[in-house]
Protein chains: 4
Amino acid sequence: MRAPGDLRADARRNRELIIQTARTVFAEQGPSATMDEIARHAQVGAGTLYRHFPDRDALFHAVLTDALERMIALAETTRKQEGLAWDALSRFVEGCAGLRLDLLISVAGSQATQVATTPEIGEGRARLLKILDQIVSAAHDEGTLRHDVGAGDVMGAVSLLIRGLPTLPTDLSAELKNRALRLVLAGMRTDPAPIPPPVPAMTANDLIRRLSTTGPAKPAT
Amino acid sequence: MRAPGDLRADARRNRELIIQTARTVFAEQGPSATMDEIARHAQVGAGTLYRHFPDRDALFHAVLTDALERMIALAETTRKQEGLAWDALSRFVEGCAGLRLDLLISVAGSQATQVATTPEIGEGRARLLKILDQIVSAAHDEGTLRHDVGAGDVMGAVSLLIRGLPTLPTDLSAELKNRALRLVLAGMRTDPAPIPPPVPAMTANDLIRRLSTTGPAKPAT
Amino acid sequence: MRAPGDLRADARRNRELIIQTARTVFAEQGPSATMDEIARHAQVGAGTLYRHFPDRDALFHAVLTDALERMIALAETTRKQEGLAWDALSRFVEGCAGLRLDLLISVAGSQATQVATTPEIGEGRARLLKILDQIVSAAHDEGTLRHDVGAGDVMGAVSLLIRGLPTLPTDLSAELKNRALRLVLAGMRTDPAPIPPPVPAMTANDLIRRLSTTGPAKPAT
Amino acid sequence: MRAPGDLRADARRNRELIIQTARTVFAEQGPSATMDEIARHAQVGAGTLYRHFPDRDALFHAVLTDALERMIALAETTRKQEGLAWDALSRFVEGCAGLRLDLLISVAGSQATQVATTPEIGEGRARLLKILDQIVSAAHDEGTLRHDVGAGDVMGAVSLLIRGLPTLPTDLSAELKNRALRLVLAGMRTDPAPIPPPVPAMTANDLIRRLSTTGPAKPAT
DNA sequence: AATGAATGAGGATTCATTCAT
DNA sequence: CATGAATGAATCCTCATTCAT
């Protein structure tokens, strides 16, 4: 008899590969990226993709679950590593922006309503919120976080902002996203918003120039 | 033969009808709503839809242009009606959330990249940004708006937030969106944070409860 | 305003065309004939086929219903035209064999179990059985039909026999089917067996020779 | 290395297992049952199945050959055991119905045309027909069997009838099949049909009731 | 100018068959 | 040899778009 991890090792690697590829492809092409496209990028046959994820929704579900896990891990890390709760909170918020989770809601929003209501997803969300709650409570106690801001607000703002603006050039989208996140963080502080440090404002002209200079970052579906 | 104005009135009415219907349908079913679905909701034949908009992108374009016009009108109105530039700014931001533009970016993001780079759209964006610039400058002068916040930041934050979170129940989505908008506004102020008034925080438990109670707001595509 | 039958005439013609084509193609290629094949034979696009019959089962259903109607019409005709109930019965049985309904059960048997339980099909079957019942009763009264043979037996035997033996050369299949039908009819008579008239038996050697001489009648799927 | 007989025994057992499993699965799910389904039911991997039968047709071939062997064995048995040729004949005909060969033709008919023309199958058929010929000749000599009925007729009628009506509930299908077989047998007799003994007829109402009461016997493919 | 049927290219999914373990 | 994962061609079905009425 074989060791149980043998073939499974290969399969597990493929599964992981497909999930990560799907995340990338969805982020780049939007939620209507085709299954074939994903399979091609992952360098596997369509059949392999379907062996692992029996249909489109199953793949969405796996991608979303994976994304949630990353956010949870991020929240736990920052909570442990940062002395100040506020620092944990802001590192979490900014870290989410870097997780390349653009698709998290975009995918869910366009096709996967049922996916979003899966028990696993629900539990994952709850787990994440519990951790955020601890950070938020600590920040309340520290006096750094406004008391009318809860873990639900943090989660909501992050969910809204991490999507970025897919029609814009990638770097401009990232910059606007980061600036908006900083503004939200500033709005959450009790004191006069020492954050962010005075960087130049994004003026109307800045935006217009950068919009007219560059083409779109991403091919449409 | 009829007078040309007669038919034109009819046609113009149909065009308007289709645009508004499309906005609704896109907002409800996501950006992959089919042309037939839109035609059916507008109670016209597919042929009529295509007579007005030669292809899918043309329809997107019209919907986005229409949305931009609404935002422009809103910005102009608040600028004229409000004495304080800050009030104009915050009324604009909050007004956008009420325009039901959920689809503005969601549509654009998933399918209409090329649409987003159309000259008309570019000009509309520029026009809107110019008006915002006036408001923003006035607010800077007033001392109510942080100097490191520009019209581009306002536009960016609004664009990111007005989409809402389509997988959540409608009311919860709206509430989270409004709370996030208020946090952003608070983050833009120079002074501590008179906004929003102390309302109870959205806690982790609030969010978990409301997520598990209600089903999703919208059938997936 | 147009006459209501205008466009519909075209569509109705297409619907009929597709049903008859499907019957032929199923009869020739077996129940796993592809939708595309049927569409090609009918000289319509796949979309047209699907507009009329939303999925494979719907097409099956239509084909089966159509076949039932033909059997019903046949039963009614023979009942009216023949003086002797026995003649009506045997003309019905033999007529069914000529209806090219080879697929009737073969299709149903392989894929369309749910189709077979449709209310329409059920009603059609009942209607047919009622007519057969009248013929059968009259034949009982005539004294030509054994009293332990009912309309259900007639229907059952016909259903079993009309399929033919698709692997055999067409003419051999037809001949065996016809001989079997005559044997069944003979078995239903009260008197010795005036039917069939003494034709030469199909001997083992006949069959072996004809099986080895000719290739199969039909390309496999 | 092991003795060759060892593995061979295992392999032979597997081969037999797969054939019998395939027969069952085909009979239950129709001729389009998948290879994976058969492998799963036989509790072997797909690779094992393909080691024994290089492709789908090879498996069909084996199943059909096996069925033919059973019919041959049955014919030989009845010939030896029955004193009266007629009894041998009718026991053969009825025995075939019990062999669960429903698929014999149904499979062949839908997919395996080429299979049906294989030399092995041809020889098997010939062998079976020879045996039937002996029985038929004896029955002619006995005066029990009509002289215009040959071994080919027997084979044909049996082939047509043993398939049953897969859309009907199992027991109803079996009953109709048995009744039809008895009618055929009656039709083959020289004398006024002492067979079958007077059982109640299957009336229209019987059939309608039983069709509406029970669901179909088999899930469609 | 409106209608809705027809078209067919394209995407999701399945499954016979191959191959690495 | 057995296993079950990988493959990709083939099939079902959808939907943007065209066209006859």
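The sequence lines fix the lettering, A, B, ..., with proteins before strands; numbering per chain opens at 1.
- Remark: side-chain polar atoms of A:Thr21 are paired, donor with acceptor, to backbone N or O of A:Leu17 under 3.5 angstrom.
- Comparing D:Met35 and C:Leu49 by the nucleotide of DNA chain E whose heavy atom lies nearest to each, the residue mapping closer to the 5' end is C:Leu49.
- Spacing between atom CZ of C:Arg13 and atom P of F:dT21 amounts to 10 Å, rounded to whole angstrom units.
- Checking side-chain atoms of B:Thr65 against main-chain N and O of B:His61 turns up a donor-acceptor pair under 3.5 Å.
- Partners of B:Glu120 under the side-chain hydrogen bond (donor to acceptor under 3.5 Å, both in side chains) rule, at least two apart in sequence or in another chain, do not exist in this structure.
- C:Phe60 and C:Phe53 have their aromatic ring centers separated by at least 6.0 angstrom.
- Proximity of C:His52 to the phosphate of E:dA6: a side-chain N or O atom is located under 4.0 Å from OP1 or OP2.
- In this structure, the CG atom of A:Leu59 is 16 Å from the P atom of E:dG11, given to the nearest Å.
- Rounded to whole Å, atom C1' of E:dT17 lies 14 Å from atom CD1 of D:Ile38.
- Between the side chain of A:Arg51 and the base of F:dA5 there is at least one donor-acceptor pair of N/O atoms closer than 3.5 Å.
- Rounded to an integer number of Å, the gap from A:Ile18 CD1 to F:dA6 C1' is 10 Å.
- Applying the salt bridge (Lys or Arg N to Asp or Glu O under 4.0 Å) rule to C:Arg51 yields no partners; only residues at least two apart in sequence or on another chain are considered.
- Rounded to a whole Å, the CG atom of D:Asp36 is 14 Å from the P atom of F:dA6.
- For C:Asp55, there are no salt bridge (Lys or Arg N to Asp or Glu O under 4.0 Å) partners, not counting sequence neighbours.
- Across the protein-nucleic acid pair, B:Arg56 atom CZ and F:dT18 atom C1' stand 17 Å apart, rounded to whole Å.
- We find the CZ-CD distance between A:Arg13 and A:Glu16 to be 11.0 Å, quoted to the nearest 0.5 Å.
- With sequence neighbours left out, the salt bridge (Lys or Arg N to Asp or Glu O under 4.0 Å) criterion links C:Glu69 to C:Arg127.
- Consecutive Watson-Crick or G-U pairs involving DNA chain F, each under 3.5 Å on both distances, make up stems of three or more pairs at E:2-21 with F:2-21.
- Here A:Asn14 reaches the OP1 or OP2 of F:dA6: one of its side-chain N or O atoms lies under 4.0 Å away.
- For A:Tyr50 and F:dA10, the OH to P distance is 18 Å, given to the nearest whole Å.
- Taking every heavy atom of residues 40-48 of chain B and every atom of DNA chain E, pairs under 4.0 Å involve B:Val44, B:Gly45, B:Ala46, B:Gly47, B:Thr48, by number.
- To the nearest 0.5 Å, atoms OG (B:Ser32) and CZ (B:Arg56) are separated by 7.5 Å.
- Look at CD on B:Glu37: it is 11 Å from P on F:dA16, rounded to the nearest Å.
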